Asker: 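Sending over a structure as structure tokens; questions will come in a sec.
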Amino acid sequence: MKLLLLVVLLCCLNFSSEFCYAQMSPEEYLATYKRQNANKTLVDVKAAYQTLLSAERYYPTNGLFKYLIALKLLEMSEFEKALAYFKAANQFDNDIPPSERMELGYIKALMACGNMTDANYQINKAAIELKNNKRNQVDDPLNVLYEQYNRVVRSMNLEANMAVERLEGNINTTSSDFSCAIGKTGKDLFFNRQPSKFMQLSQDSSNNIQIFVAGMVRAGEWGKASLIYPSGEEDELNKVSLQVIENENDNRNVSLLVTREGNLSYLDKQDGVWKDMGGTGFERVINKRLAKEVSANIAKNGKTIVFASDQAGEGDMDLFIAELKLNYVWGGAEPIDVLNTEYNETSPYLSEDGKRLYFSSQRPSGFGGYDIYYTDYNSEKKAWSAPELMPYPINSVADDVYFVPTSSNISYLSSDRAGGMGGFDIYRVYMYSKLNVKGVIKDRDSNAPIKDALIQITESDKLVKEAKTDEKGFYSLELPIAKKLKIRVLLDKKVLYQQYLNIDSKLIYAKTSQELTNNFFVRRNPDSTSIDFSKLGNKEVFTLRQIRFESGSAKLLPSSFEELERIHLAMIRNPELKLQIIGHTDNQGDSLTNERLSLERAQAVVRYIVDKKQVNEDRFMAIGKGGRSPIFSNDDEKDGRELNRRIEACIWSSEETEQD
């Protein structure tokens, strides 16, 4: 009874709150939002955002509320949603005060979503308006954004020997996942998770931050992440892992450099148990009273530490360096003046030899937000060089921090760029060699080489490279090693064949130089003849890409009939031919439902050829595999799930059972 009364009371309170909101005028909503937004605590930021959503609900044609929501979404790194709200606000821009520069956020959202053409148009449009209104163009924020845009475009046009991909599997979530630290073997990944997307990188974000560790189960794939819970602690929260410090001669014990509530300290793992060791060696010299040390890195030799702190007393984070003295105590810290600016500098990381320092900065000379820079130490001059901006795609127009190079050609970074799972995500950076793809193209019927066939390599429908075959039908292409490269063979502008390059997962992870041979036996006029299944090897399958169905149904679409006729002709020309028809779905939804749908689709293909074309039913076996046999990742639709939904054919004999 008490529980029922409590539920009723909460419902009444919620109704009362909604009723009060409904009575508020736009001016009252705006005043409430400004009051909440003045404080940058997590609670106030969330409250300000909710106030805007309530205001939009009752005043859906108010452009100012849509504009302010777009700004908040931009702050939350919800770039796609922010862009949609900027576009909606643009329809009611008369509500937006002239003092607000709506195009600034709009352009940032366009750039963050990769829409550089529209961003360029909006920048030039705004520049013309500035000139016509005779406003001070030099000091206008639009100029800073324009310079950022140009830097991004120039860097994107460079042919960089690197690729960035978000870690899949068990690491990234809809929470913020960031600041990874790699063990010396490269098999252990420590990282942090914070439920909120409102991360304040320039100060200690002590809101439910947890440390996790995951082990690598196979090349490039991490296992389930487990929470580090130090022995004797009542609360495992509010620590940020920064660096793994391991004893070269002892694999059992490991230390983790962390920051907790603005102070550097250690967690030690001794015989499988984690213990909080406090700030031994950091007291007074580095962990200054009333200052916050939010990130740090110790050189491999253990004698130098670089850390980010606000101990300079100017409100922003600066980089400091200190040397180890006797008795494991650090000496006095000095600011690295050549690297520090009036903006925040954070997340330093020293290379193995200690000669190169990576760090992130909010300075406006980057792509936007925090960007990753590097600087080299000159031993003769005893000075760090002027910092250099890391190129695209390491840097984006979002926040890019915690760059962690490894001894191999793989590095890691944290970013809230578009395309992530939520808040910050951890990305793997490959510094790779080229992949040489070569082979010959011959006519399937005559075995003669095909001259001047065009080989095209695409990634996400964007052309990467192309080449033509010579008199012997030979081609060769040098490519970046990427996961979803597609190769097409064309002759006289007609596509004779296309497939995804079958690159071994270990090669993709290592990104080492490799030679890959792809030979093709194609028909010059594939649309006018039957399919030659006789060329298939044992258990080799032929994917029937042109067989399509209504969504969620086994009803064949008319566009499938031409491909079905080609199967029919193959059965007529090869009287002994028997085929397994195998249906596949993606992994979305219930697995049993997918199994049933895939079988029904395979049966629909068999029934069409048997009933419409009078082919003996004994020459077919229909199989449904649901989503059990994907050939591509199910993480996205166009280059994954859509391709996994397919019908395949495989040569079958009566003695065989289902194709493995």
Side-chain angles (χ1 to χ4, degrees), residues 155 158 160-167 171 177-192 201 213-214 216 219-220 222 240-246 248 254 256-257 295-308 319 321 336 339 345-361 366-367 370-378 384-396 399-415 417 424-433 480-481 508-513:
S155 190
L158 296 175
N161 63 330
M162 63 186 68
V164 174
E165 69 177 16
R166 176 168 48 83
L167 292 187
I171 306 300
D177 302 284
F178 63 100
S179 183
C180 68
I182 310 296
K184 65 182 179 182
T185 63
K187 301 297 184 182
D188 294 307
L189 173 70
F190 297 84
F191 67 98
N192 299 279
L201 293 168
V213 61
M216 187 176 289
W222 299 98
V240 179
S241 60
L242 300 173
Q243 182 183 4
V244 183
I245 300 172
E246 295 168 298
E248 293 290 340
V254 61
L256 195 61
L257 177 63
S295 55
N297 185 253
I298 299 174
K300 187 178 181 181
N301 62 14
K303 296 180 179 180
T304 303
I305 185 171
V306 178
F307 62 95
L319 297 178
I321 191 167
I336 310 178
L339 306 182
E345 278 74 41
T346 188
S347 61
Y349 198 97
L350 285 161
S351 61
E352 282 204 352
D353 60 5
K355 299 298 185 183
R356 173 163 288 189
L357 173 65
Y358 301 92
F359 67 97
S360 292
S361 175
F367 293 170
Y370 280 90
D371 291 292
I372 300 168
Y373 293 78
Y374 70 89
T375 175
D376 293 317
Y377 187 73
N378 188 314
W384 295 95
S385 64
E388 296 284 342
L389 180 69
M390 296 287 279
Y392 177 89
I394 289 178
N395 280 316
S396 69
D399 289 321
D400 304 292
V401 291
Y402 295 112
F403 185 77
V404 180
T406 67
S407 57
S408 64
N409 53 353
I410 297 174
S411 301
Y412 295 85
L413 63 85
S414 305
S415 178
R417 64 186 62 189
F424 277 76
D425 291 297
I426 299 173
Y427 291 79
R428 184 186 287 124
V429 182
Y430 297 110
M431 311 295 290
Y432 53 77
S433 300
I481 301 176
I508 294 173
Y509 174 65
K511 298 287 180 181
T512 54
S513 58

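Everything numeric here is computed off the predicted structure, so don't read it as measured data. FYI, side chains are in, hydrogens and waters are out, and symmetry mates aren't considered; it's all heavy atoms of this structure.
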Asker: Mind checking side-chain hydrogen bond (donor to acceptor under 3.5 Å, both in side chains) for Ser295 and listing every partner two or more places apart, or none if nothing turns up?
Answerer: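 Counting only residues at least two positions away or on another chain, Ser295 forms a side-chain hydrogen bond (donor to acceptor under 3.5 Å, both in side chains) with Thr346.
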Asker: What pair of heavy atoms forms the shortest contact from Ile171 to Ala214, and how long is it?
Answerer: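 Looking at all heavy atoms of both residues, the closest pair is CD1-CB, 3.7 Å.
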Asker: To the nearest 0.5 Å, what is the distance between CD1 (Ile426) and CG (Asp177)?
Answerer: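 It is 6.0 Å, given to the nearest 0.5 Å.
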Asker: With sequence neighbours left out, what residues match Ser179 under side-chain hydrogen bond (donor to acceptor under 3.5 Å, both in side chains)?
Answerer: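 Expected list: none.
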Asker: Excluding sequence neighbours, so at least two apart, what forms salt bridge (Lys or Arg N to Asp or Glu O under 4.0 Å) with Asp371?
Answerer: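 For Asp371, no residue satisfies salt bridge (Lys or Arg N to Asp or Glu O under 4.0 Å) once neighbours in sequence are set aside.
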Asker: Any idea which heavy atoms bring Lys187 and Trp222 closest together, and the distance?
Answerer: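 Heavy atoms only, the tightest pair is O-CZ3, 3.5 Å.
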Asker: Residues in side-chain contact (heavy atoms from CB on, under 4.5 Å) with Ala181, at least two apart?
Answerer: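 Phe190, Val244.
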Asker: Test of understanding: with side-chain contact (heavy atoms from CB on, under 4.5 Å), list the residues that count as partners of Lys303, not counting sequence neighbours.
Answerer: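 Expected list: Asn301.
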Asker: Side chain of Ser414, backbone of Phe178: donor and acceptor closer than 3.5 Å?
Answerer: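 Judged by distance alone, no pair lies under 3.5 Å.
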Asker: Using 0.5 Å steps for rounding, measure from the CD1 atom of Ile298 to the OG1 atom of Thr304.
Answerer: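 The OG1 atom of Thr304 is 10.0 Å from CD1 of Ile298, to the nearest 0.5 Å.
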Asker: Can you tell me how far the CG atom of Asp425 sits from the CG atom of Leu167, to the nearest 0.5 Å?
Answerer: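 Rounded to the nearest 0.5 Å, the CG-CG separation comes to 9.0 Å.
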Asker: Identify, with sequence neighbours excluded, every residue that meets side-chain contact (heavy atoms from CB on, under 4.5 Å) alongside Thr375.
Answerer: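 If we apply the side-chain contact (heavy atoms from CB on, under 4.5 Å) test to Thr375, skipping adjacent residues, the hits are Leu339, Leu357, Phe359, Trp384, Ser385.
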Asker: Which pair of non-hydrogen atoms, one from Phe403 and one from Met390, has the smallest distance, and what is that distance?
Answerer: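 Taking every non-hydrogen atom into account, CZ-CE, 3.9 Å.
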Asker: Give the intermediate values and the outcome of side-chain contact (heavy atoms from CB on, under 4.5 Å) for residues Leu256 and Val254.
Answerer: CA-CA 7 Å; Leu256 195 61; Val254 61; over 6 Å; no
Asker: Taking atom types as modelled, find out whether Glu345 and Tyr373 have a side-chain donor-acceptor pair closer than 3.5 angstrom.
Answerer: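 Not at all, the side chains of Glu345 and Tyr373 share no donor-acceptor pair under 3.5 Å.
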Asker: For the atom pair CG (Asp188) and CE (Met216), what is the distance rounded to the nearest 0.5 Å?
Answerer: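 Answer for the CG-CE pair, Asp188 versus Met216, is 9.5 Å.
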Asker: Using ring-ring contact (aromatic ring centres under 6.0 Å, His included) as the criterion, list what pairs up with Phe367, not counting sequence neighbours.
Answerer: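 ring-ring contact (aromatic ring centres under 6.0 Å, His included) check on Phe367 returns nothing, list empty.
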Asker: Excluding sequence neighbours, so at least two apart, what forms side-chain hydrogen bond (donor to acceptor under 3.5 Å, both in side chains) with Tyr377?
Answerer: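 Listed in chain order: nothing, the list is empty.
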Asker: Quick check against the 3.5 Å criterion: does Thr406 have a side-chain atom that pairs as donor or acceptor with the backbone of Ser411?
Answerer: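 Judged by distance alone, no pair lies under 3.5 Å.
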Asker: Is a side-chain donor or acceptor of Asn192 paired with a backbone partner of Ser241 at a separation under 3.5 angstrom?
Answerer: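 Confirmed, Asn192 side chain pairs with Ser241 backbone.
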Asker: Any chance you could measure Ser361, atom OG, to Leu319, atom CG, to the nearest 0.5 Å?
Answerer: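 Ser361 OG to Leu319 CG: 8.0 Å, rounded to 0.5 Å.
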Asker: Return the minimal non-hydrogen interatomic distance between Ile394 and Arg417, and the atom names on each side.
Answerer: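 Taking every non-hydrogen atom into account, O-NH2, 2.6 Å.
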Asker: Check for a donor-acceptor pair, side chain of Asn297 on one end and backbone N or O of Val306 on the other, with a separation under 3.5 Å.
Answerer: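 Answer holds: no.
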Asker: Roughly how far apart are Phe424 CZ and Tyr402 OH, rounded to 0.5 Å?
Answerer: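 One finds 8.5 Å between CZ of Phe424 and OH of Tyr402.
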Asker: Can you sort out the partners of Asn395 under side-chain hydrogen bond (donor to acceptor under 3.5 Å, both in side chains), two or more places apart, ordered by chain and number?
Answerer: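 Asn395 satisfies side-chain hydrogen bond (donor to acceptor under 3.5 Å, both in side chains) with no residue once adjacent residues are dropped.
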Asker: So which atom in Asp400 and which in Ser396 form the shortest heavy-atom distance, rounded to 0.1 Å?
Answerer: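 Nearest heavy atoms, Asp400 then Ser396: OD2-N, 2.7 Å.
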Asker: Could I get the full list of ring-ring contact (aromatic ring centres under 6.0 Å, His included) partners for Tyr427, not counting sequence neighbours?
Answerer: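 For Tyr427, no residue satisfies ring-ring contact (aromatic ring centres under 6.0 Å, His included) once neighbours in sequence are set aside.
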